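Scope of the values below: all heavy atoms of this structure, side chains included, with no hydrogens, waters or symmetry mates. Fair warning: this is a prediction, and the values are worked out from it, not measured in the lab.
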Amino acid sequence: MKFNEGNEGNNYQGTMRMHKWINTSSLSFKLWLYFTLFAILVTGILWFLEVVFLKNYYQYMKIVEVNRVAVDINQMYGRDNFLQNVDKISDGTDMHIRIETMGIPIFDPSLSDSRTPVYTYARELEILKNELAKSEDGTVSLIMPEKSSEYNLLAYAEILGSPDTGTVLYLFSPLYPVASTINILRQQLTYVTIIAIILAAVLSAYFSSRITKPISNINRTAKQLAKGNYGITFKGDHYSEIIELADTLTYTSIELEKASTLQKDLIANVSHDLRTPLTMVKSYAEMIRDLSGDNPEKRSRHLQVIIDEADRLNLLVSDMLTLSRVQSGVITLERAPFDIREATEAIIKTYDVLVEQEGYTILFDCPDKFTVNGDEVKIKQVISNLLNNAIKYCGSDRTVYISIKKTHGKIRFEVTDHGMGIPPEDLKYIWNRYYKASTNHVRTTTGTGLGLSIVKNLLSLHKADFGVESEIGKGSTFWFTLPIEKNKVK
Ligand code: ADP
């Protein structure tokens, strides 16, 4: 990936510049804003309800209270101590209660008060009586201006018991003006609003910075990652989502570090492996030019070295290509049933020259024809790599055994040699690319170090089991298994 250094720098500076002032698109600013707006909204609703609806609400409460008292007195009527109980109710309310039977008052607190010679609600009482006479259900409820003050009066009348008794309950409740109360409330609300908004702004600023701090920390660390500082650890605090994000980023950072190390190793190994044969080619070519050009025997020996090295280079490049294609996932399997015995025989055939000229023996033991399911080309490459290694590292007996057996519905393919074997400590590493077991250093020029890595990748693609059993000085057996194609076993 290519970064435009100049632009990156500019963008970064731009962001930095924004941080000096308030960044209106930042999470912390938005959190602060929403929290403060919420406080403004709540206090706004409070203002509206208190100032606009208070008057109606007060009146409504008064009506409810009058109704409640009327119901209570109605229930008490006709029972013992009726008037004493009404007196108790009268003491506990600012309502004026009057009860008359046949037009004669039987209860009215002002009757005993000698200072009020004229009945306070005489006019209202008259109106109520007139209205009650007209009423069908025996109750009247009115709001009327009181003559002695500027208040309104809530007046209520109801026939107690049956209409024959002629007993009527009158209730008068003054509706005091709420304007002064509203003024007091308004003042208090002003203080409450100011305090609430300041508190909301301060607290939300604190909380939003607390919430966004771990995100900012992660961002700071991520910038280090962007600079190629792989393998760093991200720290997430307080919130599970952020801790999870930090863990994911840490994992990414570690994976990036691995990939970067792998890339560096690969370049180092490839350049090293390519350089050796190229140096050989160059020095032998110089040798032919300067020394052996005229000596046909020496010249052809030197030319043979050049040809061998060129072959090796060819092998190395094609192995590297195969491996990188398998590992990058470009190669896909083309699975089909094929006869593994036939495939193995074809590979053994390519070693005929070696067998004839250099005295190698390849023994093949396969009792049956086995049709397996897999990608024939790739399995052939696996067999070829294993056979190649067995021949390379076989012992003085120059014999390699290949066997195919059936076990648990699968075939087990084995290549055995009686060579030097592989030290136990090297066994798990031989499948890595460019790994060469310690006992085989002398032979390094013969291999690319990629053969077993290709085997491992191709067999893994097949999801096949594979492995090696080896004993120092006795030899090694490399094996893998493949599922037998059902109904095709002959
Ligand atoms: P190379 O090209 O070096 O053979 P491989 O990936 O095929 O690379 O093998 C990796 C290493 O495993 C070899 O260098 C060798 O040390 C060891 N090895 C592989 N096959 C055998 C074998 N049959 N006997 C002994 N050692 C082996």
How far apart are the C-alpha atoms of E414 and R412, what are their side-chain angles, what is the distance that settles it, and do they pass the salt bridge (Lys or Arg N to Asp or Glu O under 4.0 Å) test?
-> CA-CA 6 Å; E414 288 185 354; R412 185 181 164 98; 2.7 Å; yes
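- In this structure, A201 and T36 approach most closely via the heavy-atom pair CA-OG1, 3.8 Å.
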Determine, step by step, whether W47 and I45 satisfy the side-chain contact (heavy atoms from CB on, under 4.5 Å) criterion, reporting the C-alpha distance in whole Å, the side-chain angles of both residues, the deciding distance to 0.1 Å, and the verdict.
-> CA-CA 5 Å; W47 269 88; I45 291 173; over 6 Å; no
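- Nearest heavy atoms, A246 versus F234: O-CB, 3.4 Å.
- A side-chain N or O of S476 and one of S470 form a donor-acceptor pair less than 3.5 Å apart.
- K349 has no carboxylate O lying under 4.0 Å from a charged side-chain N of E345, or vice versa, which leaves the two without a salt bridge.
- Taking 4.0 Å as the cut-off between side-chain N and carboxylate O, E297 and R299 do not count as a salt-bridged pair.
- In this structure, NZ on K213 lies 9.0 Å from CZ on R210, to the nearest 0.5 angstrom.
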Assess whether ring-ring contact (aromatic ring centres under 6.0 Å, His included) is satisfied between F480 and H462, documenting all intermediate values.
-> CA-CA 11 Å; F480 66 86; H462 279 85; 8.7 Å; no
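- With respect to the salt-bridge test (charged N to carboxylate O, under 4.0 angstrom), the residues R335 and D375 do not qualify.
- Taking the six-membered ring for Trp and thresholds of 30 and 60 degrees, F478 and W431 have ring planes more than 60 degrees apart, a perpendicular arrangement.
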Show your working on side-chain contact (heavy atoms from CB on, under 4.5 Å) between S300 and H302 and close with a plain yes or no.
-> CA-CA 5 Å; S300 79; H302 291 166; over 6 Å; no
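- Going from atom OG1 of T399 over to atom CD1 of I362 covers 10.0 Å, rounded to the nearest 0.5 Å.
- By the 4.5 Å heavy-atom criterion applied to side chains, I402 and L363 are not counted as neighbours.
- Summarising the geometry, atom CG belonging to D365 is positioned 9.0 Å from atom CD1 belonging to I404; distances are rounded to the nearest 0.5 Å.
- Residue W32 holds its CH2 atom at 9.0 Å from OG of S208, rounded to the nearest 0.5 Å.
- Listed here is the closest heavy atom pair of G236 and I243: O-CG1, 3.3 Å.
- Summarising the geometry, atom OG belonging to S204 is positioned 10.0 Å from atom CD1 belonging to I211; distances are rounded to the nearest 0.5 Å.
- Closest of all the heavy-atom pairs between F35 and A200 is CD2-O, 3.5 Å.
- Under 4.0 Å is where a charged nitrogen must lie from a carboxylate oxygen, and between R312 and D308 no such pair does.
- From N388, atom CG reaches atom CD1 of I383 across 13.0 Å, with rounding to the nearest 0.5 Å.
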